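I have placed the structure first, in the form of structure tokens, so that the comments after it can refer back to it.
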Amino acid sequence: MPDQPISTASSPADERQPGVPPFRYTARLANEIELAWQDRWAAAGVHHAPNPVGDLSAGFDAAAGRPKAYILDMFPYPSGRGLHVGHPLGYIATDIFARYKRMTGFTVLHAMGYDAFGLPAEQYAVQTGTHPRITTEQNIESMRGQLRRLGLGHDDRRSVATTDVTFYRWTQWIFLQIYNSWYDDRAGRARPIADLVAEFESGALEPISAANPERKPWADLDDLTRRRVVDSWRLAYLDEQPVNWCPMLGTVLANEEVTADGRSERGNYPVYRRPLKQWVLRITAYAERLLRDLDLVDWPEPVKLMQRNWIGRSEGARLRFAVEQTRDAIEVFTTRPDTIFGATYMVLAPEHHLVSAITPEAWPKGTPESWKGASPASSPRDAVAEYRAAAAAKSDVQRQAETKEKTGVFTGSHAINPATGERVPIFIADYVLMGYGTGAIMAVPGHDERDFEFAEAFGLPIRDVVYPAPIAAAAWFLAHTPDADAFPLGWELAIADFVALATGAGYDAARYPELLDVVRTRRAPVGEDAIPVALPAIDQPGGVGERRGAVQAVWIETLGDIIALGFERAREVFAAGKFWRTRGAPYTEPGVAVNSPAIDGLRTNEAKRRAVEHLESLGAGTGAVTYKLRDWLFSRQRYWGEPFPIVFDEHDLPVALPESMLPVELPDLDNFQPEATEDPDAPPRPPLGRASDWAAVTLDLGGGPKSYRRELNTMPQWAGSCWYYLRYLDPTNEREFCDPAVERHWMLGQISNTAGLCGGVDLYVGGVEHAVLHLLYARFWHKALYDLGHVSTVEPFQKLYNQGYILAPAYTDSRGVYVEASEVEERDGGFYHRGEPVRREFGKMGKSLKNSVTPDEICAEFGADTLRLYEMYMGPLDQSKPWNPRDIVGMHRFLQRLWRVMIDEETGASRVVEAAADDTTRRLLHKTIAGVRADCESLQFNTAIAKLNEFTNHLTRTRADSSCPREVAENLILLAAPFVPHIADELWRRVGHDTPGVVLEAFPVADPALLVEDTIELAVQALGKVRCRITVPADAGEDAIREAALADERVRQALAGRTVRKVIVVPGRLVNIVAS
RNA sequence: GCCGGAGUGGCGGAAUGGCAGACGCGACGGAUUCAAAAUCCGUUGCCCGAAAGGGCGUGUGGGUUCAAGUCCCACCUCCGGCACCA
């Protein structure tokens, strides 16, 4: 576009600094270039990605046949404070990657939206009365401007905000999909709710439900009960859940919003645990799939691990203990059924539903006073009631804070241990949680720390039924060789025997009749002459008794692990009692069962299996799996969120609105505050309750108009972020949340065989703080949509990448209060704020540390390209690194050199000539191409930039006549284009091209022939040091290299008087001469 | 407590088991300038030495290897996650 110059042909003199050439790449020039190109990209729609069908399909034919790349950022909350330089770190990275992908032949989807529902806008509204929609829209607008300034190549037609009615209409629609389905465990997937009714009708499924306590057949249920039964099977259901209820704020609070002393972080009002009827999503139905499918995705291992831990699968057994004197049975979950022989009491969570049923009127004879509660109470009922009330008053946080002290009361009842037939007392205690397992445990104080502490406090029997194999072994060994030092030759063998015995592998009662007796009678025989004990495992092969090196290690196989024994070290550890059960802690690791008639001598894994079999044969339980994951509490007493598409009828039962009545729009309000009250038992009155015209409606939902009242809660902030990546695909679709053909195009792409690949977003970049919640919730919704046939991939995000944080210096004054970092001066190694000395620390950039730096100020000072480059150059993308303003200039100078290589600073004319590059330059160029490509593929932008810098430095140092061969200039521009798109486009234009964006060009490809050198330099090491370097032909043989190395004068000197014992030639690397 | 991740010059950081410190900042010296800023060129891990050269060096201690920042074991420090999960 020569007639339309992008940047000024000459600069007004008054804007320039004297002495600076008019066409030097300064901040002023950078800003001109950048703004002009941003306009041109937008005008030409350079970043538009074509869909196969629908509104956005223009240009699809040209792109058809290319592989797709869907590159996604975790979208921001549009805060009123705007962005600081930490925010765009990930956005810049994805932009570079997206541009790189386009230039290497992909059709790329890259868009940006706003997660705009949420508390800050609502709180601002409460304070000022400004409608959150207004603040939100203003914030989005200013953030858009900030992002545009960075040159991010987003398809702006696809930008969505979760608060748009056209967006949340489909959030509500997805909620209805979830509401109108149930999880079929037999099929392992969600199915439409109509199928469930059919299953009940045909008798294929029993209508089991709390709403049908007598388990009547479906045919015998009335309509209302049928509705209640079906509702209790849905993936979205109403449930009474204990929540943090703050009556003064009129809302429930997340655990993070409650302080350690049980008050609200905001306002310091009391917070109560209180059951409230809430919407809950049945994410637990997906626990197994959410766990299993982590194997399909390319995610950082720590994130997968965090999700696995969060889901918390444990395998074990559900066992039933009959309660004496009542017909009840208490079901417990345990991961160690093999320890049931050591279960000497039971504990129920205070909220357990059986508590009142099993609590008798009077204490049994001989009940210790300490079991009767703090007072102590005169009857079990009083003691239990008192304890339950105290437990209910505590928040989760408080419960955790008091984690050390074990408290509880005796219920007055006993149960029968099904394995031993013994009577065991039943307690209630708050160390047993209602939300996990069955809310009840069998307590095995010999092998569980918590039970042990409780047993110590209440004087309950502690019985060992498992011993660690090496200890069982040691006990035996001691019995036979009381003095280990008297065993200098045979000890290895003895241990070998012994371990075989202990592990059950070579258990031979006839050969070692004493073993069990020894174990039973010699508990914890710690002594000076004790035998070595196991140190943690290594998976290294090695026979029993193998000696290794100076440390006389013995490798012993125990329990399927290989355990290292360093004799002296182990004796030390052993003597210190670290691995030994003395009178202290219980033994909690796997070991060998003892004192357990049905399973004696077995190692834990086998013992668990056999114990379950044994208990099954007694009718006392079955094997079972439990998860830590809880169902997802989905209601919030807030205004600024998605309304539920749900109304309640005259029976107070929920009714889903039909799709045709969507969207359910948020009503306008003047006052956004929930109604506060001091009465903790008053029902919550969410802000939507104020919209009385809205809350009470008359609708015809079939069968004529009737009165309904709307659900007044709103959805949590996570709702929109669960599916926004699907709306980017087809943002303007009014008929569907996303067209299936579009969805397949971008999510499935060319994957025809999904084995081993789950498809989905090709690269998802965001912070680790979302490792669990957002990513788990989104996976859950995606799987539900998959089950119902709305999406084609089982997982939403194929590859996940966590960018690090940008840290910045923060300063505290003498009171420990943060001061504005931008006002701090550095003098003589000290830091001062308004004359006062302050202390420096480093922390995450943000408002709380008063250390934010905005991208706008950096753009003004250096330009966006410099900022982009600096953020990528700071270090590896996934690491946290400190923001150092001093370093930025290095990247600016690099761009100045890049510019100067091709442009005359005085005239602005191109220095590109049609001559060929010299051989060295060409080789270095192709090496750079290969390197930058490899680095881009693996998101190692810091080293890619270093390579570009290195090549540019080579050019500035070698060009004698200040001209630049075209081949060099153009390749360099293309290589730099993804990183610094504005200057690249400007240079591309100035060297004679006319396109709306260099991103449309092809990325350079290295010529393999130029990557191979004719001669290579090898380092020669002698006696462990580099003595010299030799240059040899690249194809030199080992013999020739060896000779050349040995012939070198310096090598000969170093080797003088020594015998060469070995020469190692590593082709292409070095030569190492070993001599003695 | 349990589970992860990370420790390399003055600073940010490079380094398929094969020449530690690429590249950038800073510092020092020089060019330009009346001067400064900006820009450009050169030097720069530490110690000894005028130099040539030598010694020491990737948190600590061991091990494997011809060769370890990189692999193995133990320990120390920092950061993150979970936390009475039976």
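Throughout, protein chains are lettered first and strands after them, A, B, ... in sequence-line order, and every chain is numbered starting at 1. Heavy-atom basis, side chains included; hydrogens, waters and symmetry copies ignored. Everything quoted here is computed from the prediction, not taken from an experiment.
In this structure, A/Phe951 places its CZ atom 15 Å from P of B/rG24, rounding to the nearest Å. If you take CG of A/Asp451 and C1' of B/rC84, they are 10 Å apart, rounded to a whole angstrom.
Pairing partner, B/rU65: none, since no Watson-Crick or wobble contact has both distances short of 3.5 Å. Pair assignment for B/rG29: B/rC41, on the basis of Watson-Crick or G-U wobble contacts that are both within less than 3.5 Å. Pairing of B/rU77, defined by two Watson-Crick or G-U wobble distances under 3.5 Å, is identified with B/rA6.
Every residue two or more places apart in sequence or in another chain that forms a side-chain contact (heavy atoms from CB on, under 4.5 Å) with A/Val612 is listed here: A/Ala317, A/Pro337, A/Glu616. Checked against side chain to side chain donor-acceptor pair (under 3.5 Å), A/Thr334 has no partners two or more places apart in sequence or in another chain. Looking at residues two or more places apart in sequence or on another chain, you find a side-chain contact (heavy atoms from CB on, under 4.5 Å) between A/Glu331 and A/Arg318, A/Arg320, A/Thr438. With sequence neighbours excluded, no residue forms a side chain to side chain donor-acceptor pair (under 3.5 Å) with A/Thr622. With sequence neighbours left out, the side chain to side chain donor-acceptor pair (under 3.5 Å) criterion links A/Glu950 to no other residue. Listed by chain and residue number, nothing satisfies the side-chain contact (heavy atoms from CB on, under 4.5 Å) test with A/Glu861 (two or more places apart in sequence, or in another chain). The side-chain contact (heavy atoms from CB on, under 4.5 Å) search around A/Arg630 returns none, not counting sequence neighbours.
Between A/Tyr436 and B/rA86, a side-chain N or O to OP1/OP2 separation shorter than 4.0 Å is present. A/Ser314 has a side-chain polar atom (N or O) that falls below the 4.0 Å cut-off from OP1 or OP2 of B/rA86.
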Are there any protein N/O atoms within less than 3.5 Å of an N/O atom in nucleotides 52-59 of chain B, and if so, which ones and at what distance?
none

Using the 3.5 Å cut-off, write out each protein N or O paired with an N or O of nucleotides 25-33 of chain B and the distance between them.
from: B/rC25; atom 1: OP1; to: A/Arg893; atom 2: NH1; distance (Å): 2.7
from: B/rC25; atom 1: O2'; to: A/Asp887; atom 2: OD1; distance (Å): 2.7

Please list, pair by pair, any protein nitrogen or oxygen found under 3.5 Å from a nitrogen or oxygen in nucleotides 66-71 of chain B.
from: B/rC66; atom 1: O2'; to: A/Asn1072; atom 2: ND2; distance (Å): 3.4
from: B/rC66; atom 1: O2; to: A/Asn1072; atom 2: ND2; distance (Å): 2.8

Every protein N/O lying under 3.5 Å from an N/O of nucleotides 42-47 of chain B:
none

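Donor-acceptor pairing under 3.5 Å, judged by distance alone, is absent between the side chain of A/Arg900 and the base of B/rU39. Between the side chain of A/Lys406 and the base of B/rC84, a donor-acceptor pair under 3.5 Å is found.
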Anything under 3.5 Å between a donor and an acceptor, one on a side chain of residues 867-878 of chain A, the other on a protein residue two or more places apart or in another chain? List them.
from: A/Arg868; atom 1: NE; to: A/Phe979; atom 2: O; distance (Å): 2.8
from: A/Arg868; atom 1: NH1; to: A/Asp95; atom 2: OD2; distance (Å): 2.8
from: A/Arg868; atom 1: NH1; to: A/Leu150; atom 2: O; distance (Å): 3.0
from: A/Arg868; atom 1: NH1; to: A/Gly151; atom 2: O; distance (Å): 3.3
from: A/Arg868; atom 1: NH2; to: A/Asp95; atom 2: OD2; distance (Å): 2.8
from: A/Arg868; atom 1: NH2; to: A/Pro978; atom 2: O; distance (Å): 3.0
from: A/Tyr870; atom 1: OH; to: A/Asn884; atom 2: N; distance (Å): 3.0
from: A/Tyr870; atom 1: OH; to: A/Asn884; atom 2: O; distance (Å): 3.2

